[in-house]
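Note: hydrogens, waters and symmetry copies are ignored here, and every other heavy atom, side chains too, is used. All ligand and atom numbering here is 1-based and tracks the order in the structure.
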Amino acid sequence: MRFVICGAGGLGSVIGGMLARAGENVTLVGRPRHMDAIKARGLRISGIYGDFQVRDNLTCVTHPDQADGAFDLMILLTKAKDTETALAEAASLKDRVSMVCSLQNGIGKEERLRQWAGHDKVIGASTIEGGVLLEPGHALAGLTTPTTAYFGELDGGITPRIEAVAAAFQNAGFGTRAVADIQQVLWEKLMQIGTASGWSVSTLGLPLTFPDGLEVRQGAINYVMLARDFLKVYKAMGYQPQNFYAPMGQFREFDRLPLDQAVDLMMDVGVRFRERARASGETEGRTSMHQDLHRGRRMEVDIILKPYLDKATELGIDVPVLQYVYGVAKVQDAFLSD
Ligand SMILES: NC(=O)c1ccc[n+]([C@@H]2O[C@H](COP(=O)([O-])OP(=O)(O)OC[C@H]3O[C@@H](n4cnc5c(N)ncnc54)[C@H](OP(=O)(O)O)[C@@H]3O)[C@@H](O)[C@H]2O)c1
């Protein structure tokens with residue numbers, strides 16, 4: 001298949017690089033320094049998949065107008081704040097792409113893509129795969145789960161085009177499933193990333209990593225309490241937790257276990273996380289939002305935490321922990337810059 005990835009930073013480089021390594025034809029649209037470094041030395045991916053350079057099947061451009069030919073799938077992977085600029089710049093791609101999806105975090109991104117590309121071209125997609133741009137030309141693959149990517153038709157169902165995209169991702173080394181209800185995956189993913197990100201920013205602050213925070217019992221208590229606020233809203237929407245991204249965030253267990261046992265479970269997740277990070281030589285152990293805090297850059301607070309707060313208001317549900325965590329994140333975000 002031919003893929004074009006608009007906004008090839010941390011995650012886009014890992015996904016694009018892995019797809020290209022598996023033989024897919026990939027065009028990355030990214031910033032000049034990163035694109036120039038890849039053109040000069042290839043794309044280095046290190047971390048959980050090993051340490052290797054990708055050169056074949058990879059084209060790097062700095063503007064979508066420079067991308068040649070037609071594409072089966074365009075993947076939008078800028079941060080949310082850059083979506084509008086990226087879509088405006090990609091106008092010339094609109095008629096050259098068969099499908100469009102976003103692997104960004106958040107809810108509502110698909111509606112925006114439908115306005116841009118037309119209703120039928122847009123497919124639903126979600127991933128928990130973790131990627132960080134360490135330096136131009138070098139991305140760290142830091143996190144995956146046994147099933148790390150989901151695709152489905154936005155109005156429900158699985159079609160041959162969904163199966164084809166899922167097969168390409170699977171073949172590239174990402175555990176992938178085609179699902180009939182991608183909307184549920186998107187909401188559960190937001191609960192997952194919202195819990196991990198909100199907890200990181202409020203409980204870890206700057207010095208600590210994910211496993212550090214789970215080593216202290218109070219840290220794991222904070223995690224479960226926040227997860228349970230998200231769960232109240234998710235269940236009121238009519239969903240039951242599925243643990244799409246197990247073993248990260250075990251929402252089924254958080255839902256049914258007494259608090260003490262749920263906290264024990266989360267502390268075990270922290271231990272396994274640290275062991276995995278050590279084995280792969282990876283040290284970051286941070287969510288995308290937490291990385292932004294570290295780098296002094298604006299966080300996706302309203303993208304990642306606000307949709308659940310809005311739903312809670314709409315459904316009349318009290319979510320004091322989520323409300324507090326959102327407040328902490330907003331205060332810190334006010335002092336960061338774009
Ligand atoms: N990283 C993860 O682990 C992860 C996991 C799951 C989901 N996500 C989601 O994926 C999205 C991307 O995250 P990320 O961590 O990969 O972000 P990132 O590292 O900042 O990558 C985005 C890249 O796009 C570039 N960019 C922005 N506007 C552009 C434009 N108009 N043309 C070309 N390049 C442009 C950015 O450059 P500048 O930096 O110069 O702006 C940056 O290099 C976010 O919505 C995030 O929540 C991330």
Side-chain angles (χ1 to χ4, degrees), residues 4-18 27-38 43 45 47-48 60-67 74-93 101-110 112-113 125-145 148-150 174 185-186 189-190 192-194 196-198 200-201 210 244-245 248-249 282 284-305 307 336-338:
V4 56
I5 300 184
C6 294
L11 185 57
S13 299
V14 169
I15 287 181
M18 293 286 284
T27 296
L28 302 179
V29 184
R31 298 301 193 199
R33 285 181 65 214
H34 184 38
M35 298 297 102
D36 287 347
I38 300 174
L43 170 62
I45 297 182
I48 52 178
C60 294
V61 299
T62 54
H63 192 287
D65 289 353
Q66 300 157 355
M74 169 179 145
I75 304 175
L76 181 62
L77 260 171
T78 61
K79 287 273 165 65
K81 67 180 172 54
D82 296 319
T83 290
E84 289 309 319
T85 310
L87 290 182
E89 288 174 1
S92 72
L93 280 178
C101 76
S102 156
L103 283 171
Q104 297 160 305
N105 283 315
I107 291 287
K109 58 202 169 79
E110 285 78 16
R112 178 65 192 99
L113 284 180
S126 171
T127 187
I128 202 156
E129 200 65 18
V132 184
L133 198 57
L134 293 182
E135 59 192 336
H138 181 189
L140 174 80
L143 173 75
T144 192
T145 52
T148 186
Y150 291 85
F174 302 118
V185 180
L186 288 166
K189 165 72 198 306
L190 193 60
Q192 166 76 61
I193 200 71
S197 303
S200 296
V201 168
F210 206 89
F244 288 112
Y245 290 110
M248 296 296 296
E282 193 257 318
E284 285 252 346
R286 296 192 180 108
T287 62
S288 179
M289 193 158 116
H290 200 205
Q291 280 156 27
D292 285 338
L293 180 63
H294 270 259
R295 293 172 179 190
R297 299 181 63 165
R298 295 294 302 275
M299 301 183 284
E300 292 182 306
V301 183
D302 284 332
I303 300 294
I304 289 174
L305 297 176
L336 304 174
S337 57
D338 278 337

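- Protein heavy atom in closest approach to atom 30 (C) of ligand 1: Arg31 NH1, 3.7 Å.
- Taking the ring pair (Phe, Tyr, Trp, His ring centres under 6.0 Å) definition, one finds that Tyr150 meets it with Phe244, Tyr245, sequence neighbours left out.
- What sits closest to atom 24 (O) of ligand 1 on the protein, heavy atoms only, is Gly7 CA, 3.3 Å.
- Protein heavy atom closest to atom 43 (O) of ligand 1, with residue, atom name and distance, is Gly9 CA, 3.6 Å.
- Checking Glu300, Gln104, Lys189 against atom 47 (O) of ligand 1, the nearest heavy atom belongs to Glu300.
- Interface of Lys79 with ligand 1, defined as ligand atoms under 4.0 Å from a residue heavy atom, comprises 13 (O), 14 (P), 15 (O), 17 (O), 20 (O).
- Between the CE atom of Met248 and the CD1 atom of Ile193 there is a distance of 8.0 Å, given to the nearest 0.5 Å.
- Of all the heavy atoms of Leu11, the ones lying under 4.0 Å from any atom of ligand 1 are found in both the backbone and the side chain.
- Selection from Ser288, Gly131, Gly10, Gly130 by nearest heavy atom to atom 1 (N) of ligand 1 gives Gly131.
- Contacts of Leu103 with ligand 1, taken as heavy-atom pairs under 4.0 Å, involve the backbone alone.
- Residue Cys101 holds its SG atom at 8.0 Å from CG of Leu113, rounded to the nearest 0.5 Å.
- Regarding atom 8 (N) of ligand 1, its nearest protein heavy-atom neighbour is Asn105 ND2, 3.5 Å.
- Remark: His294 NE2 to Leu336 CG distance equals 11.5 Å, nearest 0.5 Å.
- Residue Glu89 touches ligand 1 through its side chain alone, judged by heavy-atom distances below 4.0 Å.
- When heavy-atom distances to ligand 1 are checked against a 4.0 Å cut-off, Arg297 comes that close only through its side chain, counted from C-beta outward.
- Glu300 and Ser288 share no donor-acceptor pair across their side chains, judged by distance under 3.5 Å alone.
- Within the 4.5 Å cutoff, no side-chain heavy atoms of Glu129 are placed close to those of Leu103.
- Contact of the Thr85 side chain with the Thr78 side chain is not registered, since no non-hydrogen atoms from C-beta on lie closer than 4.5 Å.
- When each atom of ligand 1 is checked for a heavy atom of Asp82 under 4.0 Å away, the hits are 27 (C), 28 (N), 41 (O).
- In summary, the side chains of His138 and Glu135 do present a donor paired with an acceptor at a separation below 3.5 Å, with no hydrogens or angles considered.
- Residue Gln291 does not touch ligand 1, judged by heavy-atom distances below 4.0 Å.
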